[in-house]
Structures are given as C-alpha cells and as structure tokens.
Peer 1: 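Starting off with a structure, shown below.
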Amino acid sequence: MRDMPELPEVETVARGVHDRIHGEMIQGTWFSEKSEPFKTPASEMETALTGCRIDAVRRVGKHIVFDLTPSAKTAEDVDLQWLVHLGMTGRLLVSDVDVPVPAHTHGILQLSSGRELRFVDARRFGRMALHRQGFSGTGREPLEITVKEFRELFRGRKTSIKAALLNQKLLHGVGNIYADESLFRAGIRPRRAASRLTVKESARLHASLQAVLKSAIALGGSSVSDYVDAAGVRGFFQLKHRVYMRTGQPCLVCGSPIRRILVAGRGTHYCNQCQR
DNA sequence: ATACCGACCTGTCAGC
DNA sequence: TGCTGACAGGTCGGTA
C-alpha cells in the first residue's frame, strides 16, 4: 500500500507544514535540473520566492497553497502564492540542513530558522508553480458544497458517477480511494450514470463522501509529524477502507467478495450486493 | 462543448 | 538468484 495523496492527506500535510514554518522568511531556493515538470520555470520561482515571508500554508483541492508576502512589495506580487501538488508520490519535508537530502529531491526552500522545506517526488507527477491571482482551485470543495449544489454538479453528465467524482473541475480533492469508499458507503455502483442518481442517492453520496473525508482527516492528524518530518504515511488508510484494494476479500457488510473492475481507466473496487 | 485515452514517471512485485 | 514486464494513478494534451 502506497500513500496516495488525496484531500485528507494533502490537508494533513498542509496543516503540518503550516504549523512548522508559517511566519518564516524564504532566504534562498534550490530547484533540481529536472525542471520540466514544473509549471513555472525554476529561475522564475527562485527570483519570486527569495525574500518572501510565508504567511500561511493551506489546502485547496489537492493543492498546497503557500500565501506569501514579498519583501519588496509590488502591485503585481501582492497576492503571490506558491503552489505545490504532490501528484502520486510527492512529499514535503521540514528538515535541518545537516539531514542528508533524500534522493528525488526537486525543490528546496531555505528558511530563516535554518531549516529547509524539501519537495521530494520519486515519480515526478508532482508540480510546483507560482500563482498571482488568488488560487481557488479547479472545482468545488467537497467539504463545503451543499447537498443541493452537489446534486446539480451531475446534471446532464453522461459519464459514470465514479468518473464524475474524480473530475477535478467538478469537485476537487477526491481521488481513487475516496471515490470508491464513498460510493460503497452510499450503496451506489461506480458505473452508474452520474445524471441518473436519484435525489436520495445523491444525498447519501454527499453525506458519505463528507463523512469519509472527515474521518480520514481525523486519522491523518496523528500522522502529521511522521509524514512531514520523516519518511511518510505508514498506511493509516487500511484501517478504514472497506473496498479499496480489498479485491476478493469478503465485504465487511454482506460477506460477498469485493470485485475489481476498470472505470475511467482506474482500478475500481465495489461490492456487487451492497451497491446498486 | 464533453468524454475518452494514452503518456508521463519510477518503485514494487509477481512470475519465470 | 536475478531479471523482465505489468501495474499503480493524478493530470494533461490530443482526438473523437
């Protein structure tokens, strides 16, 4: 089981990084040669970030947003933000400078406390970028959307409900694990057409999605320090998930074997008895 | 416009 | 034992 940063994990990381480094100044930066995956060129990030104060670190969707105050304020940079997306394998570490830099480190912020914020990402699906207009994400926040708005997201969508849940332009923050888990808890098959959910079903899905995300955030809280300071999440997910990666194992509700199919190109896990 | 699919990238693991 | 290939998936860009 690998760590796959979705909303709860990103929330956990963002809170942990905020608690450790907010208020610090960025005294310098380093970015790896492999700058191709970066949305903003490394030289541009270097120039913009150096001298900034980190006011806050927070989550928007699956993005980690650093709210910055530049040293020499210009109108252009008043709302400067630094965005980090962890992709599949990205980690943010707060380390003392004498701690060896891990393999696959692609970005470092040198902080006024003498520590460093390090972005480590073996697979390089992660991204770093500057943003200047107030980043609000690509879609709606799953934890804030009302049940009525939630239902309206899927109106006219020919695609499956699972694909719709994963579509970051509709909701942002939901990934493969929480899509499967919330559909199981709502009793809805992943291949159901999004536009065909009944009012009751979309209400159940809204409730179960929020419940599972909140529950995972609560569990993630205890993993914050481990995650940020050291190696990574040691699979606190398995304790909670009921279908994800449980192919062939008995459903925890009815006992029938959990099935695995491909939906929207993703491994998708569900119970054929409990989900209709 | 919406929807779908392959590419990106490398660590892990099953199977020989 | 050691190697090979399939697999994992968030997002983006190309195509239907």
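Each chain gets a letter, A, B and so on, in the order the sequences are listed, and its residues count up from 1.
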Peer 1: Roughly, in whole Å, what's the span from CG in A/N167 to P in B/dC5?
Peer 2: 15 Å

Peer 1: So, taking the atom named CZ in A/R266 and the one named OG1 in A/T268, what distance separates them when rounded to the nearest 0.5 Å?
Peer 2: 8.5 Å

Peer 1: Output every pair passing salt bridge (charged side-chain N to carboxylate O under 4.0 Å, His left out) with a member in residues 92-116 of chain A, not counting sequence neighbours, ordered by first then second residue.
Peer 2: A/E24-A/R115, A/E116-A/R118

Peer 1: Once you measure the plane-to-plane angle for A/H85 and A/H63, does it fall in the parallel (<30°), tilted (30-60°) or perpendicular (>60°) bin?
Peer 2: perpendicular

Peer 1: Could you give the CZ-to-C1' distance, from A/R260 to C/dA6, as a whole number of Å?
Peer 2: 12 Å

Peer 1: With nearest nucleotide decided by heavy atoms, which residue, A/T159 or A/A122, maps closer to the 5′ end of DNA chain B?
Peer 2: A/T159

Peer 1: Looking at A/H269 and A/I258, what are the two nearest heavy atoms and their distance?
Peer 2: CB-CG2, 4.2 Å

Peer 1: What is the minimum heavy-atom distance between A/R132 and A/A48, and which atoms define it?
Peer 2: NH2-CB, 4.0 Å

Peer 1: Taking donor-acceptor contacts at under 3.5 Å, does the side chain of A/R124 reach the base of B/dC9?
Peer 2: no

Peer 1: Which nucleotides of nucleotides 10-16 of chain C have their base under 4.0 Å from a protein heavy atom (B), which only their sugar-phosphate (S), and which neither (-), written as one string 5' to 3'?
Peer 2: BBS----

Peer 1: Could you state the atom-to-atom distance from CG of A/L262 to C1' of C/dC7 in whole Å?
Peer 2: 11 Å

Peer 1: Donor-acceptor pair, A/E181 side chain versus A/Y244 backbone, under 3.5 Å?
Peer 2: yes

